[in-house]
Amino acid sequence: MVRGLKVSVLLLAVLGNLAWSFTAKAGYNGKLTVEIDGFKNKQGQVCASIFGSSQGFPNQRDRVLQKQCIKITDTPLLITFENLKAGNYAVAVMHDGNSDGTLNRNSLGMPIEGFGFSRNPEIKTSAPKFSEAVFLVAGPNTNIQVQLKYF
């Protein structure tokens with residue numbers, strides 16, 4: 001009986017420590033660094049948007065969690081986002097060559113400026129689904145690479 005009590009106390013202590021560590025991580029905020037490469041030129045700016053769900057991905061501005069646009073100075077270019085809670089995210093990037101804030105398209109609807117997504121999914125006839133671009137932020141520093149594509 002004493003042995004059973006010792007095992008129970010030990011098990012309770014281990015479970016308590018696990019629960020505490022999961023609770024501490026759940027409230028954690030991390031940093032995401034996006035490395036962007038494959039630029040056709042250094043004209044204009046590059047804009048990166050973070051989405052926390054499939055709703056609105058990749059082009060509804062009102063569903064973006066964080067967005068940054070910066071002038072292209074070097075390649076590859078690094079953009080850092082702070083204060084992301086642990087979870088699943090997807091990033092959409094565009095090379096805004098004329099700095100008008102939109103991904104310009106030709107008369108057929110094809111992008112005439114560069115674009116890319118987290119996890120670099122294959123692009124066929126439309127933008128990828130959230131599930132094809134999703135990645136996990138679970139630690140203090142997460143780094144991803146995005147390779148721009150041009151048509």
Side-chain angles (χ1 to χ4, degrees), residues 12-151:
L12 191 58
V14 168
L15 290 175
N17 282 335
L18 284 175
W20 178 83
S21 68
F22 286 130
T23 304
K25 288 179 183 177
Y28 181 80
N29 287 336
K31 178 173 77 170
L32 170 67
T33 301
V34 182
E35 180 181 315
I36 305 163
D37 206 358
F39 290 94
K40 188 162 60 171
N41 58 54
K42 291 184 180 181
Q43 295 173 347
Q45 63 182 353
V46 66
C47 297
S49 300
I50 299 178
F51 292 82
S53 75
S54 61
Q55 294 182 343
F57 179 79
N59 53 13
Q60 287 185 354
R61 294 179 185 183
D62 61 331
R63 298 291 187 160
V64 171
L65 295 178
Q66 291 185 35
K67 179 180 178 178
Q68 286 189 41
C69 293
I70 61 173
K71 185 173 174 43
I72 302 165
T73 55
D74 254 343
T75 59
L77 188 70
L78 300 177
I79 296 180
T80 300
F81 294 94
E82 304 276 347
N83 298 318
L84 291 174
K85 295 195 181 309
N88 291 321
Y89 298 93
V91 173
V93 176
M94 76 167 171
H95 175 189
D96 185 14
N98 60 0
S99 298
D100 68 352
T102 60
L103 181 64
N104 297 302
R105 301 172 184 271
N106 64 19
S107 60
L108 299 175
M110 301 292 287
I112 59 174
E113 296 177 303
F115 61 93
F117 303 95
S118 46
R119 291 188 44 208
N120 298 301
E122 184 178 346
I123 306 298
K124 295 178 182 172
T125 57
S126 64
K129 295 178 181 175
F130 182 82
S131 61
E132 297 172 306
V134 71
F135 62 93
L136 177 65
V137 171
N141 296 303
T142 302
N143 300 307
I144 64 169
Q145 291 82 35
V146 173
Q147 187 71 30
L148 292 176
K149 296 167 181 41
Y150 295 84
F151 288 126

Can you confirm whether [X] sits close enough to [Y] that some side-chain heavy atom of one is under 4.5 Å from a side-chain heavy atom of the other?
X: Asn29; Y: Lys85; result: yes
X: Leu32; Y: Val91; result: yes
X: Ile72; Y: His95; result: yes
X: Val134; Y: Ser118; result: no
X: Ile144; Y: Arg119; result: no

List for me each residue that meets side-chain hydrogen bond (donor to acceptor under 3.5 Å, both in side chains) alongside [X], sequence neighbours excluded, and say none if there are none.
X: Thr102; value: Asp100, Asn104
X: Arg63; value: Gln55
X: Asp96; value: Gln45

Value rounded to 0.5 Å, distance of [atom1] in [X] from [atom2] in [Y]:
X: Lys40; Y: Thr75; atom1: NZ; atom2: OG1; value: 15.0 Å
X: Leu65; Y: Leu84; atom1: CG; atom2: CG; value: 7.5 Å
X: Glu132; Y: Asn120; atom1: CD; atom2: CG; value: 12.5 Å
X: Leu148; Y: Met94; atom1: CG; atom2: CE; value: 11.5 Å
X: Lys67; Y: Cys47; atom1: NZ; atom2: SG; value: 5.0 Å
X: Ser49; Y: Asn59; atom1: OG; atom2: CG; value: 10.0 Å

Residues two or more places apart in sequence or in another chain: which of them pass ring-ring contact (aromatic ring centres under 6.0 Å, His included) with [X]?
X: Tyr89; value: none
X: Phe151; value: Phe115
X: Phe81; value: none

For [X] versus [Y], what's the shortest heavy-atom pair and its separation?
X: Gly114; Y: Leu103; value: O-CD1, 3.8 Å
X: Val93; Y: Ala48; value: CG2-CB, 4.0 Å
X: Ala133; Y: Phe57; value: CB-CZ, 3.8 Å
X: Asn141; Y: Lys31; value: OD1-CE, 3.1 Å
X: Ser99; Y: Gly44; value: OG-CA, 3.4 Å
X: Lys124; Y: Glu122; value: CE-OE2, 3.5 Å

Task: Side-chain donor/acceptor of Asp74 to backbone N/O of Leu77, under 3.5 Å - done: no

- [ ] Keeping the roles fixed (side chain from Gln68, backbone from Thr80), state whether a donor-acceptor pair exists under 3.5 Å.
- [x] yes

- [ ] Evaluate whether atom CD of Gln43 has more than 12 neighbouring non-hydrogen atoms of other residues, nucleotides or ligands under 6.0 angstrom away.
- [x] no

TODO: Might you work through the side-chain contact (heavy atoms from CB on, under 4.5 Å) test for Phe130 and Phe117, ending with a clear yes or no?
DONE: CA-CA 10 Å; Phe130 182 82; Phe117 303 95; over 6 Å; no

